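Given the structure is predicted, the values throughout are model-derived calculations rather than measurements. Labels below follow one simple rule: chain letters A, B, ... track the order of the sequence lines, proteins then strands, and each chain is numbered from 1.
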Protein chains: 2
Amino acid sequence: MPKRVTIADVAAHAGVSHMTVSRVINGANAVSEGTRQRVQAAIDDLGYRPSGIARSLATQRTRTLGVVVPDVSNPFFSDIVLGVEHVAYAANYNVFLCNTEEDPERELSVLHSLEEKQVEGLILCSSRLDDKDLDLALRNHPATVLINRRLPQPDVSAVLVDYELGARLLVEHIVQAGRRNLAFLAGPSASQSRVWRESGYSKALAAADLPPRPARVRSCAPSVAGGQEAARALLSEYPEIDALLCYNDLVAVGALQAAAALGRRLPDDVAVTGFDDIALAALVTPPLTTCRVPRYELGVQAMKLLWQHINGDSSSPALITIPPELVIRASTPSPAT
Amino acid sequence: MPKRVTIADVAAHAGVSHMTVSRVINGANAVSEGTRQRVQAAIDDLGYRPSGIARSLATQRTRTLGVVVPDVSNPFFSDIVLGVEHVAYAANYNVFLCNTEEDPERELSVLHSLEEKQVEGLILCSSRLDDKDLDLALRNHPATVLINRRLPQPDVSAVLVDYELGARLLVEHIVQAGRRNLAFLAGPSASQSRVWRESGYSKALAAADLPPRPARVRSCAPSVAGGQEAARALLSEYPEIDALLCYNDLVAVGALQAAAALGRRLPDDVAVTGFDDIALAALVTPPLTTCRVPRYELGVQAMKLLWQHINGDSSSPALITIPPELVIRASTPSPAT
DNA sequence: CTGTTAGCGCTTTCAC
DNA sequence: GTGAAAGCGCTAACAG
């Protein structure tokens, strides 16, 4: 390993003190043009690159952030990460990406390791920690923005999706299309976003003077397989069902497949809606009516908020709620029908 | 900002020297059980967390890695990142994730910033830099593993996919199914992996005694839209085409759509194949025959290789080639047909 | 404009 | 077993 070239090497090479070199690399103006050039030449000659570590220790700033997600390979989160990283790059920050793999222990562990790494800020998506543990784990972090999760008492900023609104838009659309026998493939029972979506579903049902039918709300894994299974069961038990609202697009694709396998015509016999609008949604047959969640934008907003906190512009916590948008495709009949 | 608690605070609290605290947090055995417990109590009391920055400066180890991809929101790369991060986590490393957004300038810039951050290793996917720039940019990095990219002269390890084999498997499958009029939607002309795939295509064509027909090799954007456009053009110009081999699954989905729009039956009139086997491939109509690239595995292998280099177990560079696997679905006729 | 002196919070080395 | 001293590579604060 060729020993790293340090500021002292550059200083010697240029015949100045290391302080002058420091000034040059930091763009301080208090350096004469002549020496600046000499130092710069030495830097180039030696291929010197300042040590971020030493710098961070001296300045107490790391220009480093942590982003924690359950699983980057999930397009929902990878889009968020992209948005965060894009803004972070522009602000000259590097981001540590950590996957929790849905494991609370691991989530705590990465939160601790990010603390040791001295991240200046943290963006935490869909935390699986309970309020108490989460609060504790964030206590030592200088700045945090939560995505898709709120913390009640303590003052932590968050960027949220208005899932309740989304569910309502979807139900209204379905009801306007003449459907009366809705069912809800509700996703994992522990999920916070499920609660929001389910609440929107119930409220919209009530607003449309339709009876709540708890039996037609069915938990399922948030996957194609989960959707298939739940849809098959529901359609068999309640053949009169004419619309399946799904937790997310993957579940909806499963529902699509199950309905087709049972000989139901789509959307004439059964309408299906998804949620999120991942790339897949537009590409299945029939294309999915869904509710678009602007994931990249979520990441961007979260990062901008974090940026403000880091810079103390707005030390007071903020709650940003982002409205999702109805996207009508062929898996639901048009209202005219 | 509540001042960070340092090793000195813990030492004072426990009534020992900071050296003893250091020993405790590093699990050194040369500490009596009694003082160890007293120190541990102080650590817990104060919620002390050692500064990774200070540690890194003293030890010259950061336990930090860099992963550079064109775009995390592309499932191809997010799966790789997941594999890398999984192994890195187990090895107690944190990873900086950087997107180049396909911009060589930005790629250079993140490579430099990772250098300043003192990453101990680097995994670089599908670099868009030319050999010279790439070589230069890696020169100061202590350990690097390339994915989907080779560097000729200098000794840099790489994990590669045998795209040529994959293309050959696909062509053989198509030819066995009785198709003779193949065309190739070849993807972006600058891409290295396109070169490999195209070479496999040509060789397999020759092996099957089919004439090379350069006009039926068409560049296209690596997206659904790109595939639609190219397929529409090819099928219009050469109505006799009975099989479309596509650069990747997205292009294939576009081809599927274009063929259907032109009234072609799938796969009876036109067979279509993809590449990669992203989730989408199994879910479109008809499901895509494709070639599975084990992306998570790519990430895992790359990280294991990097790990070896970091630990000097194997300082000599290695080239790992991973074979893709034919996945037959309904977008191609069965060989019996 | 430039250099000197102190740290940043930890580990390494060597005494005791 | 424990501690004192020095230093990792840089910047802050002051001197000249």
**Student:** In whole angstrom, what separates B/Ile43's CD1 from C/dC10's C1'?
**Tutor:** 13 Å

**Student:** Which comes earlier along DNA chain C counting from the 5' end, the contact point of B/Ser22 or that of A/Leu57, where each point is its nearest nucleotide?
**Tutor:** A/Leu57

**Student:** Answer yes or no: side-chain N or O of B/His18 and base N or O of C/dT11 forming a donor-acceptor pair under 3.5 Å.
**Tutor:** yes

**Student:** Return the value, rounded to whole Å, for the distance between atom CZ of A/Arg61 and atom P of D/dA12.
**Tutor:** 11 Å

**Student:** Return the value, rounded to whole Å, for the distance between atom CD1 of A/Ile7 and atom P of D/dA12.
**Tutor:** 11 Å

**Student:** Do other residues, nucleotides or ligands put more than 12 heavy atoms under 6.0 Å from B/Glu105 CD?
**Tutor:** no

**Student:** Can you find a side chain N or O atom of B/Thr20 that sits less than 4.0 Å from OP1 or OP2 on D/dT2?
**Tutor:** no

**Student:** Would you mind telling me which of C/dT11, D/dT11, C/dG3 lies closest to the side-chain atoms of A/Thr59?
**Tutor:** D/dT11

**Student:** What's the closest nucleotide to the A/Arg23 side chain, out of C/dG3, D/dC10, C/dG9?
**Tutor:** C/dG3

**Student:** When you measure from the centre of the six-membered ring of B/Tyr89, is the NZ or CZ of A/Arg106 closer than 6.0 Å and no more than 45° off the axis?
**Tutor:** yes

**Student:** Does B/Glu33 or A/Ala8 map to a spot on DNA chain D nearer the 5' end, using the closest nucleotide for each?
**Tutor:** B/Glu33

**Student:** Taking only side-chain nitrogens and oxygens of B/Thr35, does any of them come within less than 4.0 Å of OP1 or OP2 of D/dT2?
**Tutor:** yes

**Student:** Are B/His13 and B/Asp45 linked by a side-chain donor-acceptor pair shorter than 3.5 Å?
**Tutor:** yes

**Student:** Looking at B/Ser32, I'd like to know whether one of its side-chain N or O atoms comes within less than 4.0 Å of OP1 or OP2 on D/dG1.
**Tutor:** no

**Student:** Would you mind classifying the nucleic acid contact of B/Ser56 as base, sugar-phosphate or nothing, using non-hydrogen atoms under 4.0 angstrom?
**Tutor:** nothing

**Student:** For C/dG9 and A/Gln60 - does any side-chain N or O of the residue sit under 4.0 Å from the phosphate oxygens OP1/OP2?
**Tutor:** yes

**Student:** Using only heavy-atom distances, decide whether a donor-acceptor pair under 3.5 angstrom links the side-chain of B/Arg36 to the base of D/dG1.
**Tutor:** no

**Student:** Rounding to a whole Å, what distance do you find between B/Asp9:CG and C/dC10:C1'?
**Tutor:** 13 Å

**Student:** In whole Å, what is the span from the CD atom of B/Glu116 to the C1' atom of D/dG9?
**Tutor:** 13 Å

**Student:** Does A/Ser51 place a side-chain N or O at less than 4.0 Å from the phosphate oxygens OP1/OP2 of D/dG9?
**Tutor:** no

**Student:** Is there a side-chain contact between B/Leu65 and B/Ile310, using heavy atoms and a 4.5 Å cut-off?
**Tutor:** yes

**Student:** Take atom CD1 of B/Ile53 and atom C1' of D/dT11, then tell me their distance rounded to the nearest Å.
**Tutor:** 15 Å

**Student:** In whole angstroms, how far is the C1' atom of D/dT11 from the CD1 atom of A/Ile25?
**Tutor:** 9 Å

**Student:** In Å, rounded to the nearest 0.5 Å, how long is the span from CG of B/Leu114 to CG of A/Asn94?
**Tutor:** 5.5 Å

**Student:** Just the rounded figure in Å: distance from C1' of D/dG7 to CE of B/Met19.
**Tutor:** 14 Å

